Amino acid sequence: MSGHQKRVAAPKTWPITRKTNTWIVNTNPGPHNKSLSMPLALIVRDMLKIANTLGETKKILNAENVLVDGRIRKNPKFPVGIFDVVAIPENKQYYRMLLSPNEKLELRSLEGPDGKKLCKITNKTTIKGGKVQLNLHDGTNMLATAEGYAPGDSLILSLPDKNIVKHLKFEEGSTAIIVGGKHSGETGSIVKKRVVHGSGLNAVTVKTGERELETLEKYVYVIGKDKPEIMVGERN
């Protein structure tokens, strides 16, 4: 039954009704954690509402009308997660996936096609030959092309080839967006980082407008130096 998913047991981040039907489309194993991604079929049918049934959704996908990060995706169970770019060029619809203030996955409308994607470095490891491999939040692994990369930093990648366009350091003064927690969706500048010794998690203070918010470091994604390097988009 691992390929099945009951609506009531679906991740809380999925913006779906819980008691209309028993079963719902599940995600296949893929680039994103299940709790921070949704199956492509639910995005087309339930979020964008360009189909009424799963059958109609599959026809739209099989017609190669939907792109995720610049690549055609036809698998209805393909997981689409935070910072992924969803495009339906035929309808001139372009979106970026983020988390809303109530920690639900949401599609932010973009003004047009976006050939860039932001990924956070979650870890870096040394592999055979002494080369450094960067592990990104969307499951991508790539070899470091220069020195100075560190966990917490962000990379701007070109789409669909995912080449590194820019390296954004996690440092004071950088522009960041909070993805998770009660301040999810807020954008501001990093004021300071508070290192917690022991088993606790590091915290970061972010200034947005006249307010200073403290949140966990894992929720903070650097999106630019003085201004965002990507289109964050507008809430629908």
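In what follows, residues are counted from 1 in the order of the sequence shown. Here the structure is a predicted model, which means the values were calculated and not measured. When reading the values below, keep in mind they use all heavy atoms of this one structure, side chains included, and skip hydrogens, waters and symmetry mates.
Hydrophobic clustering (side-chain heavy atoms under 4.5 Å, transitive across Ile, Leu, Val, Met, Phe, Trp, Tyr) groups Val179 together with Trp14. Val85 and Leu168 are assigned to two separate hydrophobic clusters, defined by single-linkage of ILVMFWY side chains at heavy-atom distances under 4.5 Å. Placement of Val80 and Leu157 in two distinct hydrophobic clusters is found when ILVMFWY residues are connected by side-chain heavy-atom separations under 4.5 Å, directly or transitively. A continuous path of ILVMFWY side-chain contacts below 4.5 Å connects Leu99 to Val220, so both sit in one hydrophobic cluster. With hydrophobic clusters built from ILVMFWY side chains whose heavy atoms lie under 4.5 angstrom apart, Leu159 does not share a cluster with Leu67.
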Notebook entry, point to check: Are Thr125 and Asn135 close enough, and set up right, to give a side-chain contact (heavy atoms from CB on, under 4.5 Å), and what steps lead you there?
Noted result: CA-CA 8 Å; Thr125 54; Asn135 312 124; 3.9 Å; yes

Next item on the list: Would you please test Gln133 and Lys124 for side-chain contact (heavy atoms from CB on, under 4.5 Å) and show each step?
Entry: CA-CA 6 Å; Gln133 179 178 270; Lys124 71 174 185 179; over 6 Å; no

Next item on the list: Evaluate salt bridge (Lys or Arg N to Asp or Glu O under 4.0 Å) for Glu106 paired with Lys104, printing each intermediate quantity in order.
Entry: CA-CA 6 Å; Glu106 66 174 2; Lys104 300 288 186 182; over 6 Å; no

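Checked by atom type, the side-chain pair Lys169/Ser174 shows no donor-acceptor distance below 3.5 Å. For the 3.5 Å distance criterion, the side chains of Gln93 and Tyr95 qualify, holding a donor opposite an acceptor. Using modelled atom types and a 3.5 Å distance limit, the side chains of Asp138 and His32 yield no donor-acceptor pair. Counting only N and O atoms by type, the side chains of Arg7 and Thr17 include a donor and acceptor under 3.5 Å apart. A donor-acceptor pair shorter than 3.5 Å can be found between the side chains of Lys34 and Asn26.
The main-chain N or O of Met97 is never found under 3.5 Å from a side-chain atom of Asp84 such that the two would form a donor-acceptor pair.
A salt bridge between Lys166 and Glu229 is present, with a side-chain N of the basic residue lying under 4.0 Å from a carboxylate O of the acidic one. Between Glu111 and Lys92 there is no salt bridge, since none of the side-chain N atoms of the basic residue sits less than 4.0 Å from a carboxylate O of the acidic one. Checked for salt-bridge contact, Lys192 and Glu172 miss the test: no charged N lies under 4.0 Å from a carboxylate O.
Aromatic pair His183/Tyr219: ring centres not closer than 6.0 Å.
In this structure, Lys6 satisfies the cation-pi test against Trp23, with its NZ or CZ atom closer than 6.0 Å to the six-membered ring centre and inside 45 degrees of the ring normal.
In this view, Arg194 and Glu214 satisfy the salt bridge (charged side-chain N to carboxylate O under 4.0 Å, His left out) rule, not counting sequence neighbours.
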